[in-house]
2 protein chains.
Amino acid sequence: MLKILIVEDEKPISDLIVMNLTRAGYNCTALYDGESAADMLETNNFDLILLDIMLPKINGYELMEYIRPMNIPVIFITAKASLDDRIKGLTSGAEDYLVKPFEIVELLARINIVLRRYNKTESVLTFKDITVDTDNHIVKKGDTAISLTPKEFELLVVFIRNKNITLFRDRLYELVWPELIYSDELSETRTLDLHIQRLRKKLALKNDLKTIYNAGYRLAE
Amino acid sequence: MLKILIVEDEKPISDLIVMNLTRAGYNCTALYDGESAADMLETNNFDLILLDIMLPKINGYELMEYIRPMNIPVIFITAKASLDDRIKGLTSGAEDYLVKPFEIVELLARINIVLRRYNKTESVLTFKDITVDTDNHIVKKGDTAISLTPKEFELLVVFIRNKNITLFRDRLYELVWPELIYSDELSETRTLDLHIQRLRKKLALKNDLKTIYNAGYRLAE
DNA sequence: CCTCTTTGTATCAAAATTGTTTCAAAAAAT
DNA sequence: ATTTTTTGAAACAATTTTGATACAAAGAGG
């Protein structure tokens, strides 16, 4: 399980982030000032840090100097929407930044991108009793191996990486059938439905992989 | 909750705005001159600013110069109905303007449009114990998920985004059934009533979603 | 009260969307 | 080159959603 450190002094925002990241399958640690973050980083290992700029005691930029040698990706969270801050944030070594208030979906997307860039995406994904080893292309349900075709595999990975999130049809085509998005009419083909069907059958996901009528699908716990 | 800053020196008007925006679910801050507005903007983050042109100390145009780099949408409020002012307001970077005296409904509509344009609409809406996650198409009453059809969902979102406001029948058809507004007779169909009925039943809104006879409906707290 | 207008409800068929089967082309493996 | 596997198109079935119709109930105004 990937570990994310959230350093944000506004409790409601911090809580919101923690709640959503936990649900998305990350191990979260929330701290409310730069000093305790520095302490925590002494002894613990994190895969990603979400860092507010305005913090009590040690501010985000100062903490950044401390983090840089550790080679942990950082996404800045900033309340100030000024361009200056954006530039400063990125040049100080952050991987990305978000301006408050932001959409949770946006945050999750950024985290995904940054983790992938750092090769910190976990190679073994899980959903309930399903295990997906992305390095070796092995899928297990319980102890029995399930053989999936490449497209089925890709689709499953997308769903598990985005569990509890509704993936709209367009989005799924974008992610799994990028070659098709420029073709004429996606709505006239049953390709996605067909693969959903195959995943449901092979992995007995009838109740977990839900249809959201007129929207898409969601893998929910 | 979206934060709106109201900079208006005429106290009665300011109060009226604050009252109505608060009721509509916005977090309001009212200030009465340009200088304190500039101070406030130093440290706080807003999603939208309502700005009077004629202000003590620093006037609206001057303040606008200060706001522009922050990338916060501004709606000008002006007592002068002269064309000059209209042009100046828009070219100075405002998103929209309103001429006093204006209808509150008009103001709310403009705010909605501007916020949508800036992607600042909240993705999670609430009304009492009802939660609507517009990104994920999930509706909950308390902790139990309620499944709504697409039209029901749209209608509910419209009501929550316009809570405490009477939505006239025409307006509702305009917002949820835009494809029908060019057809002949809306009054001969029971479509809207039917969907109201379904929402009331599914979400137990009998007392909250009120019928305004000969007008429309209102979702009231 | 009675009448007219407006709103609420039940029923049901049409329309839209999703699920399933079959099968041939494309890709991969042998 | 041949066999096997994967993929997705086409046709069709099932399901869900939607709104028309018809009628009942409620409100407004005399």
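All chains are named by letter (A, B, ...) in the order of the sequence lines, taking the proteins before the strands, and each is independently numbered beginning at 1. Excluded from the calculations below are hydrogen atoms, water molecules and symmetry mates; all remaining heavy atoms, backbone and side chain alike, are included.
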Worksheet item: Per the atom types in the model, does the base of C/dT5 pair as donor or acceptor with the side chain of B/Tyr213 at under 3.5 Å?
Response: yes
Discussion item. So, under a plain 3.5 Å distance rule, would you say the side chain of A/Arg190 forms a donor-acceptor pair with the base of D/dG8?
Written reply: no
Worksheet item: B/Lys206 has an atom NZ; how far is it from atom P of C/dG8, in whole Å?
Response: 13 Å
Worksheet item: Is it true that the side chains of B/Thr166 and B/Arg171 contain a donor and an acceptor less than 3.5 Å apart?
Response: no
Practice prompt. Rounded to the nearest angstrom, tell me the gap between atom CG in A/Asn207 and atom P in C/dG19.
Written response: 13 Å
Discussion item. Tell me whether the side-chain N/O atoms of A/Trp177 come closer than 4.0 Å to OP1 or OP2 in D/dT7.
Written reply: no
Worksheet entry | Test item: B/Leu21 and B/Leu50 side chains (from C-beta on) under 4.5 Å apart, heavy atoms | yes
Response to the item:
Separation of D/dA13 atom C1' from A/Asp193 atom CG, nearest Å, is 13 Å
Worksheet item: Reckon A/His195 has a side-chain N or O less than 4.0 Å from the OP1 or OP2 of D/dT7?
Response: no
Worksheet entry | Of the listed nucleotides C/dT20, D/dT6, C/dA10, the one nearest the side chain of A/Leu194 | C/dT20
Worksheet item: Using a cut-off of 4.0 Å on non-hydrogen atoms, how would the nucleic acid contact of A/Tyr217 be classed: base, sugar-phosphate, or nothing?
Response: sugar-phosphate
Worksheet item: Whole-Å distance between D/dG8 P and A/Glu152 CD?
Response: 10 Å
Worksheet item: Atom CD1 of A/Ile196 and atom P of D/dT7: how far apart are they, to the nearest Å?
Response: 14 Å
Discussion item. Looking at D/dT7, I'd like to know if its phosphate oxygens (OP1 or OP2) sit under 4.0 Å from a side-chain N or O belonging to A/Thr191.
Written reply: no
Discussion item. Whether B/Gln197 contacts C/dT7 is assessed here as follows: a side-chain N or O lying under 4.0 Å from the phosphate OP1 or OP2. Is that the case?
Written reply: no
Discussion item. Quick check with a 6.0 Å cut-off and a 45 degree axis cone: is B/Lys3 positioned over the face of B/Phe46's six-membered ring?
Written reply: yes
Worksheet item: Is the B/His137 to A/Tyr213 ring centre distance short of 6.0 Å?
Response: no
Fill in: For atom NZ of A/Lys201 and atom P of D/dT6, their distance in whole Å
15 Å
Fill in: Short side-chain N/O contact to C/dT17 OP1/OP2 from A/Thr211, under 4.0 Å
no
Worksheet item: If you take atom types as modelled and just measure distance, does the side chain of B/Arg198 reach the base of C/dG8 with a donor-acceptor pair under 3.5 Å?
Response: no
Practice prompt. Among D/dT17, C/dT7, C/dT18, find the nucleotide with the atom closest to the side chain of A/Arg169.
Written response: C/dT18
Discussion item. Rounding to an integer number of Å, can you tell me how far A/Arg218 CZ sits from C/dT18 P?
Written reply: 14 Å
Item to complete: Could you tell me whether the side chains of A/Arg161 and A/Thr134 share a donor-acceptor contact shorter than 3.5 Å?
Response: no
Discussion item. Using a heavy-atom cut-off of 4.0 Å across all strands, would you classify A/Arg200 as base, sugar-phosphate, or nothing?
Written reply: sugar-phosphate
Fill in: Gap between atoms CG and C1', on A/Leu192 and C/dT20 respectively (whole Å)
14 Å
